[in-house]
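Structure, as structure tokens:
Just so you know, ligand 1 is whichever comes first in the structure, and atom 1 is the first atom listed for that ligand. We number each residue from 1, following the sequence as shown. Worth knowing before you read on, the calculation uses all heavy atoms, side chains too, and leaves out hydrogens, waters and symmetry mates. Please read all numbers here as calculations on a predicted model, not as lab measurements.
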Amino acid sequence: MMITTTSTDRLLSSAVVARLDATPHVFIDGTRRATRSGEELPVFDPATGHQIAVAASAGADDIADAVEAARRAFTDPAPWRQMSPLDRGRILHRIGDLIYQYADDFAQLEVVDAGKVLGAARNIDVEFAARAFHYYAGWPTKIVGSTVPVSHPNIHVRTEREPVGVVGAITAWNFPLLLCGWKIGPALASGCTIVLKPSEETPLSALWLAELAIEAGLPPGVLNVVPGTGGTAGQALVTHPGVDKLTFTGSTKVGKRIARQAADTVKRVTLELGGKSANIILPDADVQEAVTGSAGGIFWHSGQTCSAPSRLFVHKDIHDEVVEQLTAIAGQLKIGHGIDEGVDFGPLANGAQLERVRGYVQRAQDEGATIYQGAQLPADLTGHFHSPTIITNVTDDMECAREEIFGPVLVVLAFEHIDEVIERANASDYGLAAGIWTKNVNTAQRMTRRLQAGTVYVNGWGLTDPAAPFGGFHQSGYGRDLGPDSLDGYLETKSVWTCTAEIPLERSEEQ
Ligand code: NDP
């Protein structure tokens, strides 16, 4: 059934309206609860700027409750510890199925909570969140140790892989549901329990997912979702001595702080941080394909993707042609509320982010760059929209070419030689993704080896799959989300030594 909600003036499903109207709560030990802090946070639709819901804002006591619930659920003989790997996998599959069952509702929720465009929310955010659970459902039965060939006689050594314990997960606002799949999937497959703090901007889908996980058969306390601010709830999770591992997706600035604080209790840490990804179009590339892929990469979700190809290096011979085609695409994007038909370009997350992006563009202009603004913003839009923007006449040392803008702003730089462009592409604090557009496979292969990035795309951009590890070099973070590599972050390795020789009686009495 579709009904109208006055808070958004848009048609939303009854399931979504129920989430928006829910009393502010945290989800701890398998149930909704009011916070002990008594604090609340308004939730806004970025496309209208209107408040659409009120969420709980957890305090340190709430985090402590959640960690305690997660610890209980992790401790033998809790059902989760006793559960067979096959049954753990079955639960993960059921969570994936439930995401699919409510896919259209989740997509709508992400549109109004995170400023998504409906088609992308359904086909990317929701689809790949579900796929992550189905992918990790296959892993519990395949996490194995090994036999170790030690050089001692009569001794057998094997390794076992055990869950690290209680995981604290902190996520960013740009992919609220998707990041749940990236964090919760491998943590559950490994046998860990979790306390997840979503971004204060976008807490709704994670809370719903936690309820569906119970419906899927997950024992209470295994997954706890505690919305709140980074400064309070996030900090409490980072510093809580009962948390064994932190997995974080967010800015490099906050990631560094978390790494420093986690060191006090030697927590294991995975950091997925920012980027300023270099995307290189060689002169032999299919220009139209390269332009379409590059524009899609930077303008998708209004540039609010960590791996956005925000530094475009174009060979000087095709520079003007590429810029012309890019500006044509930027001019044709349909800007609007992501729930409306035909819209392919939505808002930024909030007013502060909009001001931040405007500031970068203004300073680039002040430094002498040329600014092309794309499609006009419709006059009736009240949300936090920034038109798709292309900046040329830029040098590598300018702020807009170095810093992560996290908006729909593409910086275009010309180059002449391959060695030169590789050196310039690598001259960044970040190393999340890189791209090469060329028809020459050998050139692509040689360049791939030399580019310092966690993901390198050849003749494409932005593809993702739960089986392919994702993460950064340099200040884009460490550890990996997705793929088998992600599991390493949630597992400890135990070496088990068994002496097979008979130990003389006198000696064993001495011990
Ligand atoms: P932030 O780093 O500001 O926030 C990320 C999360 O950390 C939020 O939940 C936030 O809470 C919380 N947080 C903030 N301060 C603290 C603190 N002191 N202690 C603990 N937690 C804290 O990032 P954004 O949400 O602004 O997301 C954008 C950034 O995320 C970009 O830099 C982007 O590149 C990066 N990102 C990286 C990805 C990757 O896989 N590499 C993927 C997606 C985004 P609150 O919401 O209350 O501020």
Side-chain angles (χ1 to χ4, degrees), residues 39 41-44 46 55-60 63 113-115 124-125 128 132 168-183 195-203 206 225-240 243 246-262 267 269-277 300-310 348-350 352-354 356-357 403-407 429-433 453-455 462 464 468-482 486:
E39 302 284 324
L41 282 168
V43 180
F44 297 96
S57 181
I63 291 290
D113 194 13
I124 297 170
D125 293 76
F128 283 91
I170 299 178
T171 52
W173 42 255
N174 56 348
F175 292 99
L177 182 67
L178 183 69
L179 291 174
C180 286
W182 290 24
K183 307 294 188 194
V195 177
L196 182 136
K197 189 207 87 67
S199 168
E200 66 181 279
E201 306 280 340
T202 53
V225 174
V226 190
T229 64
T232 301
Q235 274 295 286
L237 196 54
V238 169
T239 54
H240 197 294
V243 173
L246 290 165
T247 176
F248 173 77
T249 294
S251 62
T252 296
K253 184 172 160 221
V254 174
K256 286 180 184 177
R257 185 189 167 119
I258 286 176
R260 277 193 292 270
Q261 292 178 326
K267 289 181 174 58
V269 181
T270 298
L271 298 176
E272 300 295 352
L273 309 176
K276 187 76 183 176
S277 297
W300 169 52
H301 196 21
S302 295
Q304 300 168 111
T305 60
C306 49
S307 56
S310 50
L348 296 178
N350 52 47
Q353 185 64 11
L354 177 59
R356 201 172 154 265
V357 174
E403 295 191 12
E404 182 182 47
I405 297 175
F406 219 57
D429 289 342
Y430 298 108
L432 195 55
T455 297
T464 176
F470 183 83
F473 283 24
H474 309 307
Q475 295 192 28
S476 288
Y478 47 74
R480 290 291 178 268
D481 276 336
L482 301 181
S486 169

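Counting heavy atoms under 4.0 Å from ligand 1, residue F175 does not touch it at all. Within the 4.0 Å heavy-atom criterion, the part of N174 lying near ligand 1 is the side chain and not the backbone. For L179, no heavy-atom contact with ligand 1 is shorter than 4.0 Å. With a 4.0 Å heavy-atom cut-off, ligand 1 is reached by the side chain of I170 but not by its N, CA, C or O. Neither the backbone nor the side chain of Q304 has any atom closer than 4.0 Å to an atom of ligand 1 (non-hydrogen atoms only).
Put simply, NZ on K183 and CG on L196 are 9.0 Å apart, with the number rounded to the nearest 0.5 Å. A distance of 10.0 Å separates OG of S199 from CG of L179, quoted to the nearest 0.5 Å. Note that CD1 of I170 is 10.0 Å distant from CG of L271, once rounded to the nearest 0.5 Å. Rounding to the nearest 0.5 Å gives a distance of 7.5 Å between CD1 of I124 and CZ of F175. For the atom pair F470 CZ and L432 CG, the distance stands at 4.0 Å (nearest 0.5 Å). Separating the NE2 atom in H301 from the CG atom in D125 is a distance of 7.0 Å, to the nearest 0.5 Å.
Comparing P227, G230, G168 against atom 14 (C) of ligand 1, the shortest heavy-atom distance belongs to G230. When G275, S277, A308, C306 are checked for heavy-atom proximity to atom 36 (N) of ligand 1, C306 turns out nearest.
For ligand 1, the atoms closer than 4.0 angstrom to any heavy atom of F248 are 2 (O), 5 (C), 6 (C), 7 (O). Residue T249 has at least one heavy-atom neighbour below 4.0 Å for each of these atoms of ligand 1: 5 (C), 36 (N), 37 (C), 38 (C), 39 (C), 40 (O), 42 (C), 43 (C), 44 (C). Heavy-atom contacts of G274 reach the following atoms of ligand 1: 32 (O), 34 (O) (cutoff under 4.0 Å).
Inclusion of E200 in the set of residues having an N or O under 3.5 Å from an N or O of ligand 1 is warranted. Considering both main-chain and side-chain atoms, T229 never comes within under 3.5 Å of ligand 1 through any nitrogen or oxygen pair. Note: no N/O pair closer than 3.5 Å links E201 and ligand 1 by distance alone.
K197 places a side-chain N or O within donor-acceptor distance of the main-chain N or O of G228, the cut-off being under 3.5 Å. Distance alone, capped at 3.5 Å, places no donor-acceptor pair between the E404 side chain and the S251 backbone.
Looking only at protein heavy atoms, the nearest one to atom 32 (O) of ligand 1 is E404 OE1, 2.7 Å. The nearest heavy-atom contact from the protein to atom 20 (C) of ligand 1 is G234 C, 3.4 Å. Of all protein heavy atoms, the one lying nearest to atom 18 (N) of ligand 1 is Q235 NE2, 3.2 Å. What sits closest to atom 27 (O) of ligand 1 on the protein, heavy atoms only, is A172 CB, 3.3 Å. From the protein, the heavy atom lying nearest to atom 2 (O) of ligand 1 is S251 OG, 2.6 Å. Looking from atom 24 (P) of ligand 1 to the surrounding protein, the closest heavy atom is W173 NE1, 3.4 Å. The protein atom (non-hydrogen) at minimum distance from atom 41 (N) of ligand 1 is L273 O, 2.7 Å. From the protein, the heavy atom lying nearest to atom 9 (O) of ligand 1 is T171 O, 2.7 Å.
For the pair P203 and P227, the tightest heavy-atom approach, listed with the atom from each and the gap, is CB-CB, 3.7 Å. Residues S476 and G275 share a closest heavy-atom pair of OG-CA, 4.1 Å.
The shortest side-chain heavy-atom distance between T171 and W182 does not fall under the 4.5 Å cut-off. Under the 4.5 Å side-chain criterion, counting only non-hydrogen atoms from C-beta, D429 is not in contact with H474.
Screening K256, Q235, K267 for a side-chain hydrogen bond (donor to acceptor under 3.5 Å, both in side chains) involving Q261 leaves a single residue, Q235.
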